[in-house]
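A quick note: this is a predicted structure, and the numbers were derived from the prediction, not measured. So that the names make sense, note that chain A is the first sequence line, chain B the second, and so on, each numbered from 1.
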Amino acid sequence: MDPLWQDDGATDRGLHEEALVVDIAGFEGPLDLLLHLARNQRVDLSRISVLALAEQYIAFIERARSIRLELAADYLVMAAWLAFLKSRLLIPQQAKDEGPSGEEMASALAFRLKRLEAMRDAASRLVNRNRLGRDVFARGAPEHIPVEKKSAFEASLYDLLSAYASLRQREAVMQVTIEKRQVWSLSDARLLLARLVGDMVEWTALDHFLLRYMTGPKERATAIASSFAASLEMVREGRLEIRQDGAFSPIYLRQGPNPLTAEILAEMEAGRD
Amino acid sequence: MTDPQNDLPGMRPAEENGGAEEMRLDARAEQEAERIAEALVFASAQPVSETYIAARLPRGADVPRIMARLKSLYADRGVHLLQVADHWAFRTAADLSFVVQTDENEVRKLSRAALEVLAIIAYHQPVTRAEIEDIRGVQTSKGTIDVLMEAGWIRFRGRRRTPGRPVTFGTTRDFLDHFGLEELRDLPGLEELKGAGLLSGRIPSNFHIPMPLGDDDLGEDEDPITQLDLEELGLLAPSGGDE
Amino acid sequence: MTDPQNDLPGMRPAEENGGAEEMRLDARAEQEAERIAEALVFASAQPVSETYIAARLPRGADVPRIMARLKSLYADRGVHLLQVADHWAFRTAADLSFVVQTDENEVRKLSRAALEVLAIIAYHQPVTRAEIEDIRGVQTSKGTIDVLMEAGWIRFRGRRRTPGRPVTFGTTRDFLDHFGLEELRDLPGLEELKGAGLLSGRIPSNFHIPMPLGDDDLGEDEDPITQLDLEELGLLAPSGGDE
């Protein structure tokens with residue numbers, strides 16, 4: 001059978017049961033890492049312990065942080081979300097807090113893992129089919145090319161658009177580029193978070209988890225300041241609502257009247273880096 | 001260009017035999033039509049469309065029927081006639097790959113990411129980039145999309161009628177041809193995936209996982225906690241009666 | 001590579017039936033050998049030698065006999081198996097060459113320059129040649145414009161009411177058809193280009209992508225182009241008759 005991945009995936013991907021080597025280089029993002037951890041539970045994905053999974057993931061991230069490994073924001077946001085999920089699963093829900101139940105969040109996660117795994121399987125079945133040029137061959141000495149007489153010239157929409165985009169991009173790069181910020185902005189985090197969680201329809205106390213995973217102790221003060229500003233901005237846009245019951249009590253967030261759609265999200269992300 | 005109808009013997013329309021009934025080809029003409037279709041498809045390395053074939057056959061030729069006949073004629077041969085969407089192509093029989101393969105023919109190796117994106121586009125099309133990223137949980141690099149575009153396997157399909165009108169991706173006929181699929185419905189496991197709700201953005205209503213951690217799912221290095229343990233730890237009052 | 005002989009059923013050498021006589025294939029094995037020869041000739045870019053075929057057939061296969069049989073099998077078909085010296089190749093039956101050899105106009109790939117100019121015209125229309133050059137930063141050769149005109153994708157739209165009254169370019173209906181667009185508004189804008197990964201995020205805030213002006217709308221400073229203009233520009237021969 002043809003090796004499925006060019007980089008020969010699983011074997012050199014850092015994680016083995018015994019030695020939980022902290023190396024995220026081989027992983028395609030947090031979901032991939034989670035899926036790998038879930039597979040180590042050696043059970044059908046619909047029977048995994050989401051709680052155990054969350055703990056393993058968090059432990060993994062903590063370890064990476066302790067040896068000061070640079071982790072991409074995606075991994076940290078996932079850690080924050082899983083920590084939140086864990087608290088939801090362990091602490092009985094309070095009546096006033098109507099956020100999604102731990103069970104709902106867990107099954108959302110399990111669904112995403114299962115869906116990703118299904119696509120992986122589909123990809124491997126696809127790539128192992130009889131492929132043209134490998135298993136099955138076309139006429140080696142074609143005598144003619146059938147031309148539907150639409151045009152004597154060929155170009156796809158993709159050719160056209162990429163030609164235009166790279167032309168304009170060339171023109172644009174002469175301008176200044178903005179220096180990368182030192183601190184996670186909350187809007188960054190919120191975007192990534194929204195992508196992970198989907199819509200937060202109900203009041204959700206997330207800041208606590210976000211701050212814990214998104215920042216180191218040195219940056220915390222600036223992170224709080226900039227993230228507060230960012231969240232106010234989002235409230236003003238109607239993307240978000242904020243609630244706090246008293247000084248120093250948790251800050252609750254939920255979707256505003258003008259929520260982020262997946263598409264707006266994609267645009268904002270595209271503009272982010 | 002000359003009208004093929006006049007160049008081929010036996011292809012007189014049925015009217016000539018009296019009657020204004022629909023034209024049909026007689027047996028000999030049908031045989032000629034078959035030869036033409038065969039030659040057209042055989043001559044080309046790319047799949048040839050039914051419209052292209054039809055335009056070169058005498059009027060009244062039943063292209064689907066002719067192609068079906070040709071297909072069965074070649075079913076046991078070393079070369080097969082395959083359908084790709086509404087196109088046709090001759091390809092060597094898959095069971096002979098070991099003899100036909102040479103060292104020269106190399107198939108493009110796809111990166112893990114590219115393969116995953118390709119599968120997502122194939123199974124979920126039309127699909128936007130945001131949706132692909134939602135499924136994979138990571139951003140898709142421009143390079144990945146480029147590789148698939150350059151291979152000619154994916155294309156822009158259109159634009160979603162939602163705010164922002166995002167561009168949607170889909171697969172091409174070359175994709176079908178490359179992976180030996182007659183149509184998208186032949187994608188392996190498509191029906192099961194659909195049935196399991198795994199091709200949707202939402203959690204299917206029948207999707208359940210046992211939550212929270214079931215009592216029996218203990219780690220290997222873990223013993224079940226007992227009533228006695230709890231009492232011992234002072235977490236429960238010693239059970240004396242019925243509460 | 002494994003020896004094909006062991007992979008194919010029915011290819012036991014004749015010795016097994018006793019006797020030290022020359023190996024021969026049984027009927028089924030012969031049929032397999034025929035399929036292999038067929039596939040080999042089909043997939044090869046050059047005519048294939050009998051030695052090449054023999055090397056890939058089970059020992060004992062009588063190549064000349066197999067090829068002769070294949071040849072007669074194809075004798076009435078739309079494709080013939082031909083022998084040239086001791087090489088074999090498939091060719092369209094001579095009496096059908098007219099179907100295959102019609103419109104030999106090759107499809108040409110549009111050059112990078114032409115693609116860029118076409119894209120600028122599409123997005124920035126109505127646009128003059130000077131403006132195109134300003135965006136691309138290089139002169140546009142007449143050939144490039146000609147190619148796009150010939151493809152039928154661009155047209156003269158009007159004339160700018162500025163000194164010299166330069167001609168403005170726009171795209172045609174054929175352009176929309178070819179690229180699968182319903183209307184010019186379907187051209188992806190800034191956000192969609194970013195969303196599709198074609199523009200990276202690192203672009204200045206004053207960067208914008210114009211919304212092309214629809215077909216029938218003339219720019220404010222634009223006059224429609226007339227027959228007279230075209231003649232004056234030497235683009236049309238002076239009209240004498242109805243033509």
Side-chain angles (χ1 to χ4, degrees), chain A residues 4-7 9 28-32 46-52 74 89 102-103 106-108 110-112 114-116 118-123 125-127 129-139 142-146 148 156-158 161 195-196 261-267 269, chain B residues 40 42-46 48-49 51-52 89-92 94 97 100-101 105 107 109-113 115-116 118-120 122-123 128-131 133-139 149 155-156 162-164 166 177-180 187-189 193 196 198 203 207-213 217 219:
Chain A
L4 180 50
W5 317 113
Q6 190 172 39
D7 57 12
E28 293 256 353
L31 268 193
D32 186 29
S46 48
R47 293 185 52 232
I48 53 165
S49 158
V50 170
L51 187 58
D74 293 17
L89 285 175
E103 286 75 11
S107 52
F111 171 71
R112 297 194 65 202
K114 192 154 187 166
R115 189 174 57 173
L116 179 61
M119 282 300 105
R120 293 264 164 90
D121 292 346
R125 284 208 261 175
L126 201 56
V127 86
R129 286 182 64 83
N130 288 323
R131 289 169 66 183
L132 185 64
R134 187 186 69 178
D135 310 295
V136 153
F137 300 87
R139 176 88 187 266
E143 293 172 68
H144 118 118
I145 299 157
E148 320 255 355
S156 72
L157 183 58
Y158 176 73
L161 297 180
R195 193 170 73 189
L196 290 169
T261 64
E263 310 309 344
I264 298 172
L265 201 65
E267 286 169 20
E269 276 177 20
Chain B
L40 284 171
F42 209 96
S44 166
Q46 267 95 52
V48 179
S49 79
T51 16
Y52 185 89
F90 278 106
R91 301 286 181 245
T92 59
S97 67
V100 187
Q101 263 165 7
N105 32 55
V107 156
K109 276 258 186 206
L110 285 183
S111 73
R112 197 174 127 78
L115 194 51
E116 219 168 275
L118 178 63
I120 292 170
Y123 284 80
T128 67
R129 193 181 169 105
E131 289 158 354
E133 299 189 341
D134 181 56
I135 293 170
R136 297 187 62 230
V138 278
Q139 296 209 348
M149 282 283 187
R155 63 190 170 96
F156 290 121
T162 53
D177 190 21
H178 184 90
F179 292 99
L187 281 169
L193 288 172
L198 291 170
I203 308 181
F207 187 87
H208 285 304
I209 52 165
M211 288 305 305
L213 188 59
D217 299 340

**Q** What part of Tyr123(B) is in contact with chain A, defined as an atom under 4.5 angstrom from a non-hydrogen atom: side chain, backbone, both or neither?
**A** side chain
**Q** Given the rule in the side-chain contact (heavy atoms from CB on, under 4.5 Å) test, do Gln46(B) and Asp177(B) qualify, once you have shown the distances and angles that lead to the verdict?
**A** CA-CA 9 Å; Gln46(B) 267 95 52; Asp177(B) 190 21; 6.0 Å; no
**Q** Taking Ala89(B), Gly180(B), Pro188(B), Ala122(B) one by one, which has the highest count of heavy-atom pairs under 4.5 Å against chain A?
**A** Pro188(B)
**Q** Return the set of residues passing side chain to side chain contact (heavy atoms under 4.5 Å, CB included) with Asn130(A) (not counting sequence neighbours), or none when no residue passes.
**A** Asp135(A), Val136(A), Ala94(B)
**Q** Under a 4.0 Å threshold between the charged nitrogen and the carboxylate oxygen, would Arg115(A) count as salt-bridged to Asp134(B)?
**A** yes
**Q** Arg112(A) and Leu116(A): side-chain contact (heavy atoms from CB on, under 4.5 Å), yes or no, with the steps?
**A** CA-CA 6 Å; Arg112(A) 297 194 65 202; Leu116(A) 179 61; over 6 Å; no
**Q** Which bit of Arg129(A) comes within less than 4.5 Å of chain B, counting heavy atoms only: side chain, backbone, both or neither?
**A** side chain
**Q** Could you look at Ile135(B) and say if it's the side chain, the backbone, both or neither that has a heavy atom under 4.5 Å from chain A?
**A** both
